[in-house]
Amino acid sequence: MTATADEIQRAEASTANNYRPLPVVLREGHGAWVTDIEGGRYLDMLSGYSALNFGHTDPELLAVAHEQLDRLTLTSRAFHNDQLATFCAELAELAGMEMALPMNTGAEAVETAIKTARKWGYQVKGVPPGQAKIIVVDGNFHGRTVTIVSFSDDPKATAEFGPFTPGFVRVPFGDGDALRSAIDDNTVAVLLEPIQGERGVVLPPPGYLRTVRQLCSTHGLLMLADEVQSGLGRTGRTFACEHDDVMPDLYILGKALGGGILPVSAVVARRDVLGVFRPGEHGSTFGGNPLACAVGTAVVRRLKTGEPQRRAAELGAVFADVLSELPTTEVAEVRSVGLWAGLDLATRDGREVCEDLLRRGVLANAAHGRTIRLSPPLVISEEDLRWGVDQLAAVLTK
Ligand SMILES: *Cc1c(COP(=O)(O)O)cnc(C)c1O
């Protein structure tokens, strides 16, 4: 048996079956490239669903992590630590906000946003106790907790996981009129991804995010932008909302915020929004730990240079260009923004194409069915990017 087959068999025997990984076992990665246990090399065109925006083992981020690892890693929030204030202040500044509440995973940050909106609704808006309503959209993906899957329309995410959390109303993504009709006196917030990542990089129709912003402002609702996947440079801007000149009331961030090193998430908002929390009402043992904050601050400083965003925008133009040359008989639709693309295949199964890509040395992910998602690290070279798409073209035309 090959080392790979042996390792896969061991994993299948002892790991819960909640994922179906491609048949490759990785052991090392640098920049946009990873190596498997048999020495095979692959171009990473997924980047941990955008968690690796700055590539694998970025030397600068690693140096910050190593330095902090040797000094102080965890304090709990029962005490202050010397990394927390800097991280929250610099992250808030990057987002044009005033405060941050650090958590660990994206789902926890979404939960935090939901709790923030509800508390804000009762305290500031005066919604009757227990009546707060949050509007969400079709095709959403915000994580895997019971409350979050309560408003998912993906049967795989929900089947046999109920009973669910009430208080959510779902309307079609991109439909301003449907959103307007769903608002009532108890509505406290609209929660959405400005660009729907898991759904397959689905872009909002022109003007939609502005309509959402206007409706939220007019009706006194919080606009909660889940930029866990779309944020932090991926689309060529710091936040995807910027493409539509929209400022939400709260950003939900995660994935790339941890520099691909550890889970770091946060909600970032103005003081009149995040200021609703009092001691004991919300928290996390690991959220805001000094190691996470040190890495998170390094990520924020990297983004402050504007360099990752610039690369994503510049290479994004190349990406869109080469993707548009894929055979139209095989690709029904391409959606892309920055270094982020969703491809709907005309006939072939996404998984099958990703398996073929693996054999050609490219890692990609089938979002679902016939849809493939590509999100190479923002540090990828133009040459590698073109080579990666060439492999896809070869797979599709074989
Ligand atoms: C990945 C993702 C989440 C959940 O993040 P986890 O760290 O996996 O919990 C939430 N929202 C969006 C938009 C995501 O892409």
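Atoms within a ligand are numbered from 1 in the order they appear, just like the ligands themselves. None of these values were measured; they are calculated from a predicted model.
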Can you list the ligand 1 atoms lying under 4.0 Å from a non-hydrogen atom of [X]?
X    : value
G106 : 4 (C), 5 (O), 6 (P), 7 (O), 9 (O)
D226 : 10 (C), 11 (N), 12 (C), 13 (C)
T105 : 7 (O), 9 (O)

**Prompt:** Between A107 and ligand 1, is there a nitrogen or oxygen pair with a distance under 3.5 Å?
**Reply:**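 Yes, since at least one N or O of A107 sits under 3.5 Å from an N or O of ligand 1.
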**Item:** Contact check: E198 vs ligand 1, nitrogen or oxygen atoms, below 3.5 angstrom
**Value:**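 No - when backbone and side-chain N and O of E198 are compared with those of ligand 1, no distance drops under 3.5 Å.
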Is [X] salt-bridged to [Y], going by a charged N under 4.0 Å from an acidic O?
X    : Y    : result
D245 : R237 : no
D184 : K133 : yes
E7   : R10  : yes
D58  : R302 : yes
R311 : E314 : no

**Request:** Verify the contact flag for atom 7 (O) of ligand 1, where contact means a protein heavy atom under 4.0 Å away.
**Result:**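 Protein heavy atoms within 4.0 Å of atom 7 (O) of ligand 1 - there is at least one.
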**Request:** Classify the contact between K255 and ligand 1 as side chain, backbone, both or neither, using a heavy-atom distance cut-off of under 4.0 Å.
**Result:**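 Contact part for K255 vs ligand 1: side chain (C-beta onward).
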**Request:** Determine, using heavy atoms of Y49 and all atoms of ligand 1, whether some pair is separated by less than 4.0 Å.
**Result:**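 Not so, Y49 does not reach ligand 1.
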**Request:** Decide if the gap between the ring center of F151 and the ring center of F164 is smaller than 6.0 angstrom.
**Result:**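 Judged by ring-centre distance (under 6.0 Å), F151 and F164 do not meet the cut-off.
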